[in-house]
Amino acid sequence: MKLTVRWILLCFFLLPMGLFLSVPQLVAESLPLKRAVELALTHGAAGNEADQQRAFASYQEARNQYVPQMILGSGLGKSWGFPLSLEGSAPSIVNLNAQSALYNPALREFVRAAKTDWQASIFQTKDQREQLIQDTVLTYAELNHWEQTLSHLEQEQAEASKMEETVDQRIAAGVDSNAMKNQARLVVARVHMRATEAHGAIDVLRNRLGQLTGLTAENIETVTDSIPALPEVKQQEDLAAKAVQASPIVLQAENHALAESFRAKGEHRSLWPSIDFAAQYALLAQYNNYADFYKSFQRHNATLGVAIRFPFLSFSQRARAQAADSLATHARADAVTAKDHISDQTLRMQRSVQQLAAAQDVASLEYQIAQSNVEALQVRIDAGTATLHDMDDARNQSNEHYHALQSANFELERARIGLLRATGELEGWLGIPK
């Protein structure tokens, strides 16, 4: 009986331990930047290529009009008297119709327009791909920024809490006044506010990065060393012209304008003559009274030839061609506008990088000066010529300048990444094949 009780107690303690060990522990996954971008491209590939596939299908639809379209059917029916037609065809057991374009100037231009639209969709897909890469990189960089900030805030929080305890002890000893306690509490509250902001930003950015990559948001952890060094921006370089040449938006607008020109030309050539191939076969039935009304009747019948059309009076088609000319003119103007927009935007980003670099230099110098003041105050405290509160104020100022420097670094990083995308160098910077 005692042995049985021991076994029961042993199982009671070991069973929960076994269950605990069998449950997989959630460990944050170190996710390098390049891997994150590759996962994002794989995760979002289907949606980005949908428009391109649709445009290619439209091109095939237009081009395949030169291939004979065959329809097999039947027109079964009983005739009383003369065999009347059923839906435009003679009653038959089996009928086969074939038709295709042979010479059609309008169709030729419409095929060119569809092909050019397909090429424009390729540039649209490329632009969507670059946008996805930029979103992933910026989300990753901002998440890394907040993770580093949170690590520093944890140190600040420990120092602020220690200072608050020290002030309480000095108040109890009659050295400090109650006003010093409120000041110490204010520092702790400010650090807590920033830490709350950092936690919220990290949760949002991890969730966004998880949506982009298809990973679980809670398990994502950035790797600072995986972010490549950004190249220096030369202000004398004509990056605006480079961006116009590399921009998929400009190339898409130009191809769309060319497609509209082809389409307008096709509308005009719809007034030209056209020739279509046509063929028909029918297996006729004897119960439809063909032998009663025709001298010679045979069951197997076929017709092969061409259909020639000469449009010579169509005011509606002329108006349609004029409307297509207007669309082509508008598309060419949109292409010029796209070039100007990309050029202006790139120049603005190039100058913005210069300004943000100057702001970063200022923030860096201010932080260095604040750190020097902390070191100087430490020497004065050791010599007994400075108070503990002087050191606390200096540390708080140093922390403020640290956060200002971190913000300046990230804003400069964001601007440089945007400029890399504008000039078509973002994928090369990441080492990802285009």
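Position 1 is the first residue of the sequence; numbering continues from there. Please read these numbers as outputs of a predicted model, since none were measured by experiment.
- The minimum heavy-atom distance between Q360 and L405, with the atom names listed, is O-CD1, 4.0 Å.
- The two residues A106 and G266 come nearest to each other via the heavy atoms CB-O, 3.2 Å.
- Atom CZ of R414 is separated from atom CE of M349 by 13.0 Å, given to the nearest 0.5 angstrom.
- Listed by chain and residue number, S100 satisfy the side chain to side chain contact (heavy atoms under 4.5 Å, CB included) test with P68 (two or more places apart in sequence, or in another chain).
- One finds the CZ atom of F56 at 9.5 Å from the CD1 atom of I122 (value rounded to the nearest 0.5 Å).
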Please determine whether side chain to side chain contact (heavy atoms under 4.5 Å, CB included) holds for the pair T224 and Q148, giving the CA-CA distance in whole Å, both sets of side-chain angles, and the decisive distance to 0.1 Å. CA-CA 9 Å; T224 304; Q148 291 182 343; 3.2 Å; yes

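- Side-chain contact check for Q371 and S398: at least one donor-acceptor pair (N or O, by modelled atom type) lies under 3.5 Å.
- Every residue meeting the side chain to side chain contact (heavy atoms under 4.5 Å, CB included) condition with E425, not counting sequence neighbours, appears here in chain and number order: K242, L420, T423.
- Listed by first and then second residue, the ring-ring contact (aromatic ring centres under 6.0 Å, His included) pairs that reach into residues 225-252 come to none, sequence neighbours excluded.
- Across E221, E147, E218, a single residue satisfies side chain to side chain donor-acceptor pair (under 3.5 Å) together with R206, and that is E147.
- Among residues two or more places apart in sequence or in another chain, the salt bridge (charged side-chain N to carboxylate O under 4.0 Å, His left out) test is passed with R208 by none.
- Expressed to the nearest 0.5 Å, how far OG1 of T222 lies from CD of E142 amounts to 11.5 Å.
- Between R194 and E197, no side-chain nitrogen of the basic residue sits less than 4.0 Å from a carboxylate oxygen of the acidic one, so the salt-bridge criterion is not met.
- Residues E427 and R129 meet the side-chain proximity criterion, which asks for heavy atoms closer than 4.5 Å.
- Q69 places a side-chain N or O within donor-acceptor distance of the main-chain N or O of N64, the cut-off being under 3.5 Å.
- Not a single salt bridge (charged side-chain N to carboxylate O under 4.0 Å, His left out) links E366 to another residue, sequence neighbours left out.
- Put simply, the side chain of W118 never gets that close to the backbone of A57: no donor and acceptor are under 3.5 Å apart.
- Proximity of a side-chain donor or acceptor of Q252 to a complementary backbone N or O of S247 within less than 3.5 Å is not detected.
- The environment of R269 atom CZ is dense: over 12 non-hydrogen atoms of other residues, nucleotides or ligands sit within 6.0 angstrom.
- With no hydrogens or angles considered, no side-chain donor-acceptor pair links N396 and E400 at under 3.5 Å.
- The two residues S121 and D51 come nearest to each other via the heavy atoms CB-O, 4.1 Å.
- The side chain to side chain contact (heavy atoms under 4.5 Å, CB included) search around N373 returns I369, not counting sequence neighbours.
- Atoms CG and CG, from L209 and L143 in turn, are 6.5 Å apart once rounded to the nearest 0.5 Å.
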Let's go through R416 and E413 carefully: what are the C-alpha distance in whole Å and the side-chain angles of both, what is the deciding distance for salt bridge (charged side-chain N to carboxylate O under 4.0 Å, His left out) to 0.1 Å, and is it a yes or a no? CA-CA 5 Å; R416 285 182 173 177; E413 187 177 21; over 6 Å; no

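- Residues T116 and E260 are not in side-chain contact: their nearest non-hydrogen atoms beyond the backbone lie 4.5 Å or more apart.
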Just do the side chain to side chain contact (heavy atoms under 4.5 Å, CB included) check on I432 and L41 with the steps written out, would you? CA-CA 10 Å; I432 295 177; L41 290 175; 4.2 Å; yes

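- Between atom OG of residue S274 and atom CD1 of residue I308 there is a gap of 9.5 Å, rounded to the nearest 0.5 Å.
- The closest side-chain donor-acceptor pair between T387 and D390 falls under 3.5 angstrom.
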Please tabulate, one pair per line, all N/O donor-acceptor pairs under 3.5 Å involving side-chain atoms of residues 351-358, not counting sequence neighbours.
from : atom 1 : to   : atom 2 : distance (Å)
R351 : NH1    : Q235 : OE1    : 2.7

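- In this structure, CD on Q124 lies 10.5 Å from NE2 on H256, to the nearest 0.5 angstrom.
- Heavy atoms from other residues, nucleotides or ligands lying under 6.0 Å from CD of Q211 number more than 12.
- Not counting sequence neighbours, the partners of H152 by the ring-ring contact (aromatic ring centres under 6.0 Å, His included) test are Y402, H403.
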Apply salt bridge (charged side-chain N to carboxylate O under 4.0 Å, His left out) to residues D117 and R263 and explain how you reach the verdict. CA-CA 10 Å; D117 277 334; R263 198 167 286 114; 2.4 Å; yes

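- In the model, Q406 has no side-chain atom that pairs as donor or acceptor with a side-chain atom of T149 under 3.5 Å.
- Between Y140 and V223, some side-chain heavy-atom pair lies under the 4.5 Å cut-off.
- A search for side chain to side chain contact (heavy atoms under 4.5 Å, CB included) contacts involving L107 returns Q65, Y66, A101, N104, V111, not counting sequence neighbours.
- A 6.0 Å sphere centred on CZ of R320 holds no more than 12 heavy atoms belonging to other residues, nucleotides or ligands.
- Considering every non-hydrogen atom in both S226 and L33, the closest pair reads OG-N, 3.1 Å.
- Residue pairs meeting the ring-ring contact (aromatic ring centres under 6.0 Å, His included) criterion with at least one member in residues 320-350, sequence neighbours excluded, do not occur.
- Between L230 and L412, every side-chain heavy-atom pair lies at or beyond the 4.5 Å cut-off.
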Pair T166-D392, side chain to side chain contact (heavy atoms under 4.5 Å, CB included): steps then yes or no: CA-CA 11 Å; T166 303; D392 185 52; over 6 Å; no

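- Taking each heavy atom of A264 and A328 in turn, the nearest pair found is CB-CB, 4.4 Å.
- Residue pairs meeting the ring-ring contact (aromatic ring centres under 6.0 Å, His included) criterion with at least one partner in residues 179-205, sequence neighbours excluded, are absent.
- Legend: residues meeting salt bridge (charged side-chain N to carboxylate O under 4.0 Å, His left out) with D325, ordered by chain and number and at least two apart, are absent.
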Test Q131 against D135 for side-chain hydrogen bond (donor to acceptor under 3.5 Å, both in side chains), laying out the working first. CA-CA 6 Å; Q131 181 63 51; D135 290 344; 2.8 Å; yes

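- For Y59 against A114, the heavy-atom pair with the smallest separation is CA-CB, 3.6 Å.
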Go through L426 and E130 one step at a time and tell me if the side chain to side chain contact (heavy atoms under 4.5 Å, CB included) criterion holds. CA-CA 8 Å; L426 184 59; E130 292 181 356; 5.6 Å; no

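- For the pair N399 (side chain) and R395 (backbone), a donor-acceptor distance under 3.5 Å is present.
- Taking 4.0 Å as the cut-off between side-chain N and carboxylate O, E165 and K162 do not count as a salt-bridged pair.
- Side chains of T329 and R332: a donor on one and an acceptor on the other come within 3.5 Å.
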